[in-house]
Amino acid sequence: MAKAIPSRSEDYSLWYNELVKKAGLAENSPVRGCMVIKPYGFAIWEKMQQTLDQMFKETGHENAYFPLLIPKSFLNREADHVEGFAKECAVVTHYRLKTDEEGAGVVVDPEARLEEELIVRPTSETVIWDAYKNWIQSYRDLPLLINQWANVMRWEMRTRLFLRTAEFLWQEGHTAHATKEEARSETRQMLEVYAGFVEDYMAIPVIKGVKTESERFAGAVDTFCIEAMMQDGKALQAGTSHFLGQNFAKAFDVKFTTKEGKEEFVWGTSWGVSTRLMGALIMAHADDDGLVLPPKLAPIQVIIVPVYFKDEDLEKITKAVNPILDALKERGISVKFDTRDTHKPGWKFAEYELKGVPLRLAIGPKDLEKGTVEVARRDTKEKSLQPMDSIVEHVAKLLENIQDNIYSKAATFREENTKEANSWEEFRELVEQGFVYAHWDGTTETEDKIKEETKATIRCIPLNQTKEKGKCIFTGEPSQGRVLFAKAY
RNA sequence: CGGGGUAUAGCGCAGUCCGGUUAGCGUACCUGCUUUGGGAGCAGGGGGUCGUAGGUUCGAAUCCUACUACCCCGACCA
């Protein structure tokens, strides 16, 4: 079989880049750092969106849409926030082009300079909190639970398809609450929603935790995250949920009147996941033959490939396949019957493997004789002959099985590559391979030094951290528990 | 933004050092025949401003300069 993509062991980054392109997920655009998401890639993203959107609505949130452009002055309102994002903002300075008189084509019209420059949103806290000021007056207006699906832009130095692009798609939830406790519980609730989604749908186990001060979202009091392990042992932050305290309420003067008639600032949260999840999906499960999609997110869950010699054979196969198609669809399974005569079966097999379709059914003349179907699963590459009359049941069970198997494979991989380090030497060695739990003295200085020497960062202080007295791996100062270190995307 | 590399057909590459016919190979594409249970075979065919802009030269894919894009390694980051 012709190799479509490089292997992971040869060159992990190249494997990823080629896979994204060859599987038809995305490609680079004329503008550096931006990407074209192709139909197959977008279909996967849409499935994620639909699932998450439903989860948000079930937890009481409503969708809205705020503008792409934000007055520059808004960013200034919250000091930490501006510091966090200023370096990567694209700025709109003019509103008109004109034809150059010297024949250089279209040029920016210097007379059309904006009085106040606009920034392309890197995130929408400011423009949303500016609106909330008018939306919230009384405790009766709270809680305000809003989500938006949008694109944002962060002018990154180094970009990679899905993992880090200048423009990316995401959802951002922005909520306002009457009490600190309620906002805190919202923050944690959404973290649970994300963890549930990533584990149950994407089949990727995650570690829930709190970010250290240096990794915290600019403007937040606390940033919670879910961290996942990729197949090269590196960590990828799959989602974040921020407790904003009253920072944005104070910056944008969002107050409400309590039942008792007192005026108070509201408490805020924000939370988001992005197209970066696509990168996680790829790097957590895909192999040297291509994508491996969890059935719950696969645009096509079952592909049926006819194997035939003559047109009459295809007719007979089609007659046998049609009831299977109907029965599968009835059960809500997305299935495609690939009758193209422009490609041969072998070619199609390779193609659907590259695209990560969980199950493949092949039906040819021999199967019609014997009443069988060849069933091949993408995750294990196992092939078996199954009786045609019970195939629908079998497929339904297999899909569930594949979903579970992909998850446990990822979970096992993570277990095998997660270690505890108790000395600096041990730490340096272990952190090259995967996740390392180690004691830390709690200071940013130590965190920075460890990063400088090993390139590993504290991914989070795990929520399920067990109290354990120890000594900081780097300074030997006392520590109350282990934190999670890893190299990260 | 620093260091290194690359840019030649849709994709992957050779040719560049040492300038000289009509720029070549694989793959993909088109046509025909034979094929079809793991990316088919044969025959024929189409497709190139050699990244862009200058310069050197009788002559530039090849030499020189600048620029741009992409990849890898750093700094930055969801």
Side-chain angles (χ1 to χ4, degrees), chain A residues 1-6 11-14 16-18 21-22 24 27-35 83-89 122-123 152-172 194 211 214-218 220 223 225-228 235-242 270-280 289-290 305-311 313-314 317 340-354 360-370 372-374 376 381 383 385 448 451-452 455 457 459 488-489:
Chain A
M1 193 176 89
K3 234 176 56 178
I5 52 172
D11 188 335
Y12 193 83
S13 318
L14 193 62
Y16 176 85
N17 293 341
E18 287 297 305
K21 287 179 207 159
K22 294 276 166 59
E27 60 190 30
N28 284 308
S29 81
V31 176
R32 174 196 159 79
C34 295
M35 65 174 161
E83 205 177 311
F85 285 104
K87 288 175 300 214
E88 47 195 34
C89 286
T123 178
V152 289
M153 177 161 272
R154 296 180 190 173
W155 211 265
E156 298 291 347
M157 291 294 158
R158 267 181 81 181
T159 61
R160 290 187 76 189
L161 293 172
F162 290 121
L163 293 175
R164 178 165 297 107
T165 46
E167 179 193 14
F168 56 92
L169 305 184
W170 76 346
Q171 63 59 222
E172 43 182 328
Y194 287 154
K211 286 294 187 189
S214 60
E215 299 268 330
R216 188 185 297 152
F217 173 74
T223 288
C225 62
I226 49 174
E227 295 285 332
L236 187 141
Q237 180 175 310
T240 48
S241 184
H242 314 290
S270 68
W271 29 274
V273 297
S274 71
T275 34
R276 192 177 214 207
L277 287 179
M278 293 285 294
D289 294 320
V305 178
V307 181
Y308 61 97
F309 297 80
K310 297 170 248 157
D311 285 352
D313 290 334
L314 177 60
I317 293 167
R340 287 177 299 171
D341 59 2
T342 50
H343 295 286
K344 302 202 323 175
W347 191 93
K348 292 178 185 174
F349 292 173
E351 178 71 4
Y352 291 112
E353 274 163 19
L354 184 61
R360 180 185 75 231
L361 308 185
I363 301 179
K366 288 181 210 162
D367 296 300
L368 293 183
E369 268 172 45
K370 293 183 287 184
T372 56
V373 182
E374 185 196 75
K381 295 295 195 67
K383 284 196 277 195
L385 279 181
D448 287 346
K451 185 180 177 182
E452 225 170 90
K455 284 167 202 159
T457 48
R459 299 322 303 149
Y489 276 97

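Proteins get letters first, then strands, A, B, ... in listed order; numbering begins at 1 in each. Computation of the quantities below employed the complete heavy-atom set of this structure, encompassing side-chain atoms and omitting hydrogens, waters and symmetry-equivalent molecules.
- When the side-chain nitrogen and oxygen atoms of A:K381 are compared with OP1 and OP2 of B:G38, none of them lie within a distance under 4.0 Å.
- Between the side chains of A:R216 and A:S214, no donor N or O sits under 3.5 Å from an acceptor N or O.
- Rounding to whole angstrom units, CH2 of residue A:W347 and C1' of B:U27 are separated by 13 Å.
- Distance, A:E88 CD to B:C76 P: 12 Å, rounded to whole Å.
- Here A:E88 pairs with nothing under the salt bridge (Lys or Arg N to Asp or Glu O under 4.0 Å) rule; sequence neighbours left out.
- If you take NZ on A:K366 and OG1 on A:T372, they are separated by 10.0 Å, rounding to the nearest 0.5 Å.
- Here A:T240 lies out of heavy-atom contact (under 4.0 Å) with every strand.
- Around atom CH2 of A:W155, no more than 12 heavy atoms belonging to other residues, nucleotides or ligands sit under 6.0 Å away.
- Salt bridge status for A:E351 with A:R360: absent, with no side-chain N to carboxylate O gap under 4.0 Å.
- Residue order along RNA chain B, read from the 5' end via each residue's closest nucleotide, puts A:K21 first among A:S214 and A:K21.
- For A:K383 against B:G38, a side-chain N or O and a base N or O form a donor-acceptor pair under 3.5 Å.
- One atom, CZ of A:F217, and another, C1' of B:C76, lie 17 Å apart when rounded to the nearest Å.
- Each of A:T165 and A:I363 was assigned the nucleotide of RNA chain B with the nearest heavy atom; the assignment lying further toward the 5' end belongs to A:I363.
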Measure all distances between protein nitrogen or oxygen atoms and nitrogen or oxygen atoms of nucleotides 32-36 of chain B, and list the pairs falling under 3.5 Å.
residue	atom	partner	partner atom	Å
B:U36	O2'	A:Y308	O	3.3
B:U36	O4	A:F309	O	3.2

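- A close approach under 4.0 Å does not occur between any side-chain nitrogen or oxygen of A:N17 and OP1 or OP2 of B:C70.
- Among the heavy atoms of the strands lying under 4.0 Å from A:S13 are primed sugar atoms or P, OP1, OP2 only; no base atom is included.
- Pairing for B:G74 is with B:C1, a Watson-Crick or G-U wobble pair whose two hydrogen-bonding atom distances lie under 3.5 Å.
- Note: CZ (A:R360) to P (B:G38) measures 10 Å, nearest angstrom.
- The separation between A:Y489 atom OH and B:A78 atom P is 17 Å, rounded to whole Å.
- Across all strands shown, B:A28 forms no Watson-Crick or G-U wobble pair with both distances under 3.5 Å.
- Using the Watson-Crick or G-U wobble rule with both distances under 3.5 Å, B:A53 pairs with B:U65.
- Of the nucleotides present, none pairs with B:U35 by Watson-Crick or G-U wobble criteria with both distances under 3.5 Å.
- With sequence neighbours excluded, the residues forming a side chain to side chain contact (heavy atoms under 4.5 Å, CB included) with A:T159 are A:E156, listed by chain and number.
- Distance CZ (A:R158) to C1' (B:A69): 16 Å, rounded to an integer number of Å.
- Rounded to an integer number of Å, the gap from CD of A:E156 to P of B:C71 is 14 Å.
- Residues A:R160 and A:N17 share a closest heavy-atom pair of NH2-OD1, 3.5 Å.
- The distance between atom CD of A:E18 and atom C1' of B:C70, rounded to the nearest whole Å, is 12 Å.
- Remark: the separation of the P atoms in B:G15 and B:U6 is 11 Å, to the nearest Å.
- A distance of about 22 Å separates the C1' atoms of B:C11 and B:U16, rounded to the whole Å.
- The side chain of A:K451 lies closest to B:C76, out of B:A78, B:C76, B:G37.
- Note: A:L368 CG to A:Y308 OH = 13.5 Å, rounded to the nearest 0.5 Å.
- Residue contacts shown for A:L236 are absent, as no nucleic acid heavy atom lies under 4.0 Å away.
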